[in-house]
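These notes concern the structure reproduced below.
Bear in mind the structure is a predicted one, so any value in this text is a computation, not a measurement. Residue indices begin at 1 and follow the sequence shown.
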Amino acid sequence: MNSGGKAAEERPSLKAILASDLPASLVVFLVALPLCMGIALASGAPIMAGLIAGVVGGIVVGLLGGVPLLVSGPAAGLAVMVFGFIQQLGFAVTCAAVAAAGLVQVALGGLKVARSALAISPAVIHGMLAGIGILIVLGQVHIVLGGSPQSNAWNNLRELPGQILDLHGPATLLGLLTLGILIAWQFLPNGRLKKVPGPLVAVVGGTAVAAVMNANVARVQLAADALSAIKLPSLPESSMWGAFIVAVLSLALVASAESLLSAVATDKLHTGPRANLDRELLAQGVANTLSGLVGGLPITGVIVRSAANINAGAKTRWSAVLHAVWMLAFITLLGSLASYVPLTVLAGLLVHVGLKLVNLAHIRELRHRGELPVYLITVAGVVGINLLAGIGLGLGAAILRLLWQLGQVRVETRDVNGVQQVCISGALTFVGVPKLSTALARIPSGSRVEVDVAVNTLDHSGFEALESWADTHRKTGGTVTMEPLEDVWSRRSSRAAHATGPTAALSPSSPVHHTSSLASGGAQ
């Protein structure tokens, strides 16, 4: 993977594009179209805003991005955040925040700091996505049941029993039908039928049933003239500038982290040109600025659409570009068809998306690595307070866990025929120095000591503490046999220098995080 240089990408021939990228782009278009509309619904934005983001993301990031097979557009991972900003600032001001966030991303890409985003613990990222998934489910299940979502997770949960007791006939039937089709589609055997995108089947199927029933339900509102539906951004009032700046920075940071993690995951799914993360971040910023200026939702790289792109046989970036062209053609030529789609059908699609964001495979992996508490704290913060608080709590928990791990030095002493044998293992850092000093203080003065330094992390504080104790013990008449700490230090430094990838700075005892697991069902 390349973070700064140019990706080795060959210019495709027209024949190659027609043979592989054209059919793949149609598959991605069929997957992306209902998701763009559904994510706009979950964000509390006009349906057109999701479609605009899909077009801009596909064309701009497709042409400029550093990950040729990554597909970009509106993502479920930002839906809850955008919903909150729209409620607080209004849609026009939120669009301005999206545009400004794009400029922040452009600046970050220009400073070539893309790889630093990979330092965020995946436990926090997965916890954030799971919390968002829970919020989406709690809100959209009310629409599936024929009602309206409440203002927050607790109100949605409190009102849910009453909603279940007061079902709204056709709306509930259509929403549950859509959800049932999506769940059943996952269990179909591999074959030609399974290649048809499940979201497309569910939305078309639910819409067809609604037409046959002549159901009196709320439907998608999409203007016949696409240009008239574009909402231009506006700056906030003087009293709202603080909230506006928070929105800009929040969107920039979360969208950047999600895009780059999706880029890394996409890079692992194919053997083509490697990812250029700085170029990708720059392209994402340009796309978000344009999307915000023309009334679109924020854009990120999305792994589900990217995986569909690769599985459909895409070879170059032209598949992502063409899928956006088909979406633009749909909006301008066939946009009236969207008015037949019931909102409860899109809500059923979103409930399924939200459920997939709570990924059991991620939970099992994080539990195996001892990071489940960080995940659960992040989920609780996102659901119980808000998205930013959840991320902050998750990062704080991850830092505390790291400090706790760095303090896990083990000092074992035993007397063997009058010789004090000391084995030091684990992580000898400044956090563990008090424990080391306490154990060494118990060694009798003037005794003969053999020290085995078997640590896999050694910092300067640990180095000085051990060296100082050895000097003091020798001055009291004792002897200390120990491998020169300079050799231990150089050996640990050599290991770190030869490590590669985002975990290069981690020691063998530190938790090694894998971003590739996003490919199994992260952001939509």
Residue pair L182 / L349, side-chain heavy-atom distance below 4.5 Å: yes
Closest heavy-atom pair and its distance - A79, I136: CB-CD1, 4.5 Å
Rounded distance [0.5 Å steps], CZ in R219 versus CG in L346: 11.5 Å
From CA spacing to verdict: side-chain contact (heavy atoms from CB on, under 4.5 Å), L281, L277: CA-CA 6 Å; L281 184 56; L277 297 183; over 6 Å; no
From CA spacing to verdict: side-chain contact (heavy atoms from CB on, under 4.5 Å), V82, V80: CA-CA 5 Å; V82 174; V80 173; over 6 Å; no
Pair W318-S25, side chain to side chain donor-acceptor pair (under 3.5 Å): steps then yes or no: CA-CA 8 Å; W318 286 103; S25 69; over 6 Å; no
Minimum heavy-atom distance between Q88 and A243, given as atom pair plus value: NE2-CB, 3.4 Å
Non-hydrogen side-chain atoms of W185 and L193 separated by less than 4.5 Å: yes
L372 CG to E365 CD distance, which is reported to the nearest 0.5 Å: 12.0 Å
Student check: side-chain heavy atoms of P170 and N216 closer than 4.5 Å: no
Euclidean distance, F83 CZ relative to L41 CG, rounded to 0.5 Å: 10.0 Å
Donor-acceptor pair, side chain of D267 and main chain of A263, under 3.5 angstrom: no
Candidate pair V67 and N276, rule side-chain contact (heavy atoms from CB on, under 4.5 Å), full reasoning: CA-CA 6 Å; V67 190; N276 182 324; over 6 Å; no
Sub-4.5 Å side-chain heavy-atom contact between V55 and I331: yes
Where L70 and S259 come nearest, the two heavy atoms and their spacing: CD2-O, 4.4 Å
Rounded distance (nearest 0.5 Å) linking atom NE2 of H126 with atom CG of L261: 8.0 Å
Spacing of CZ belonging to F244 relative to CG belonging to L89, to within rounding of 0.5 Å: 8.0 Å
Side-chain heavy-atom pair L355, L357 within 4.5 angstrom cut-off: no
Shortest non-hydrogen contact between V382 and L135, atoms and distance: O-CD1, 3.7 Å
Main-chain N/O of G127 paired with T378 side-chain donor or acceptor, under 3.5 Å: no
Evaluation steps, side-chain contact (heavy atoms from CB on, under 4.5 Å), between V31 and L200: CA-CA 6 Å; V31 172; L200 177 69; over 6 Å; no
Between CD1 on residue I134 and CG on residue N156, distance to nearest 0.5 Å: 12.5 Å
Any donor-acceptor pair under 3.5 Å from N309 side chain to R305 backbone: no
N/O donor-acceptor pair under 3.5 Å between E280 side chain and G65 backbone: no
Heavy-atom donor-acceptor pair, S291 side chain to L297 backbone, under 3.5 Å: yes
Main-chain N/O of A99 paired with T289 side-chain donor or acceptor, under 3.5 Å: yes
Any donor-acceptor N/O pair, R317 side chain to L69 backbone, under 3.5 Å: no
Donor-acceptor contact below 3.5 Å, side chain D21 vs main chain K315: yes
Side-chain (S306) to main-chain (V71) donor-acceptor, under 3.5 angstrom: yes
Side-chain donor-acceptor contact under 3.5 Å, Q186 with H352: yes
Heavy-atom check, side chain of F85 versus side chain of V248, under 4.5 Å: no
Test item: N288 side-chain N/O and I299 main-chain N/O as donor-acceptor pair under 3.5 Å: yes
Min side-chain heavy-atom separation L393-I385 under 4.5 Å: yes
Test side-chain contact (heavy atoms from CB on, under 4.5 Å) applied to T344 and L145, T172, L174, the passing residue: L174
S339 vs V220 side-chain heavy atoms within contact, under 4.5 Å: no
Closest non-hydrogen atom pair, A114 against L260: O-CD1, 3.2 Å
Check: S256/Q284 side-chain N/O donor and acceptor closer than 3.5 Å: no
Closest heavy-atom pair and its distance - V379, A130: CG2-CB, 3.9 Å
